[in-house]
Amino acid sequence: MCIRDRTQEARLAPQKEQKRGCVDPEVTTELACATMSKPVVLVTGANGEIGRSLLQRLHTEGRYRAVTVDLTPLPERYRPLCVETYAGNIMDKYLLDQVAAHHEIEVVFHLAALLSTRGERDPELAHQVNVEGTLHLLRVAQNQSGRLGRPVRFIFPSSIAVYGLPDLAEKARAGKVLEDAYNEPITMYGCNKLYCEHLGRYFTQHFRQLGALASAARLDFRSLRFPGLISAETVPTGGTSDFGPEMLHAAAKGEKYSCFVREDTKIPFMAMPDAVNALMGMLEADRAKLTKSIYNVGSFSLSAKDIEDRVRKHFPNAEVGYAPDAVRNKICDSWPEDVDDTRARKDWGWKPNWDVERAFEEYLIPTIKKRYSDR
Ligand code: SER
């Protein structure tokens, strides 16, 4: 079902009034033209963790106009950051066609997905959302590239879940893994992400290679493999790297936390501001310099105990216990301890701004303390 947010229309009305009251119509027209000429960015899953941070960044930078799609309506405070918001399902082809018909989309950030734990609870639904949904968006972006006569950039967050290390000994031996190693995911989510990386590459390089339109503009797919993300503002749902952010938020709220993985379970993490930096870096990268369409992006690597120690330093009364869930732990055990992101560093200058020390001391802890003390 498609619900076009009516608040958007309501919000436009006062803007029209303002224009009518303006003294210099030429200035008004110039301003309006400058706004209209900014490229439109479509963000799916905009109401999720990454989406909300990305919307703020796009708005601050001011170079793009954001149009969003999410299953749930965007909260009021995020709506002014967008030119239009749609509440609906990415499985709804009619909705996506409507969105594309109303906006000249130049960039897609396709963030909507069902994460790894949620995906194991309903693998078929995960496949529908993660694969069929992505296919719909690729089709929209491809049609749009044809209409514009130039490639629409399609930014796709993939994940460390595409890796599948066979056992802990191999995980320790492997250390930082390269993009092409261990591509044997053990979750539906990981399989979906890996396949969609291939789909995106196919659309960019080979789509309709035998068809009459073989020489038409193809979309420009770019994918980042994210580690577990930690935000001070939001708590993720449905993921398996969630033990990191959950532990931190529980401590900040003064709540007990029972960790669902062992103390020694170690995976790569990244602070949310760096995830947004990576998405923007990938968007702006010079296509001619991209040797591949898939990139690891790394930041720091922590075990559950490392996170507990960092949390305890600032919240000495934190109550953290361990009650490992065999399956969720197995999923984390299959993910690498760290990623080798040399390719991203070389091709488009990726470099995290927030190492573990800065991430905790300057972003996570102060922001989270403020967040829960403001309540
Ligand atoms: N955060 C994701 C998950 O836990 C992994 O990319 O499923």
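Quick caveat: nothing in here was measured; it's all calculated off a predicted structure. Read the numbers this way: they start at 1 and go in the same order the structure lists the ligands and their atoms. If you read the sequence from its start, that first residue is 1, and numbering goes on from there.
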May I ask you to decide whether Asp333 forms a salt bridge with Arg328, counting only side-chain N to carboxylate O separations under 4.0 Å? no

N-O pairing of Arg222 and Asp220 below 4.0 Å: yes

Same cluster or not: Leu224 versus Tyr189, using hydrophobic residues (I, L, V, M, F, W, Y) connected whenever any side-chain heavy atoms lie under 4.5 Å apart? no

Could you tell me if Lys171 sits above the aromatic ring of Tyr163, with its cationic atom closer than 6.0 Å to the ring centre and no more than 45 degrees from the axis? no

In terms of its nearest heavy atom to atom 1 (N) of ligand 1, the top option of Ser241, Pro157, Gly239, Ser158 is Ser241

Rounded distance (nearest 0.5 Å) linking atom CG of Asp274 with atom CD1 of Ile230: 11.5 Å

Asp242, Ile50, Thr240: member with heavy atom nearest to atom 4 (O) of ligand 1: Thr240

Under 4.0 Å from any heavy atom of Ser159, which atoms of ligand 1 are there? 5 (C), 6 (O)

I need the atoms of ligand 1 closer than 4.0 Å to a non-hydrogen atom of Ser116, numbered in the order shown. 3 (C), 4 (O), 7 (O)

Taking only heavy atoms of Leu115, which atoms of ligand 1 are found under 4.0 Å from at least one of them? 7 (O)

If you measure from each non-hydrogen atom of Phe243 to ligand 1, which part falls under 4.0 Å: side chain, backbone, both or neither? neither

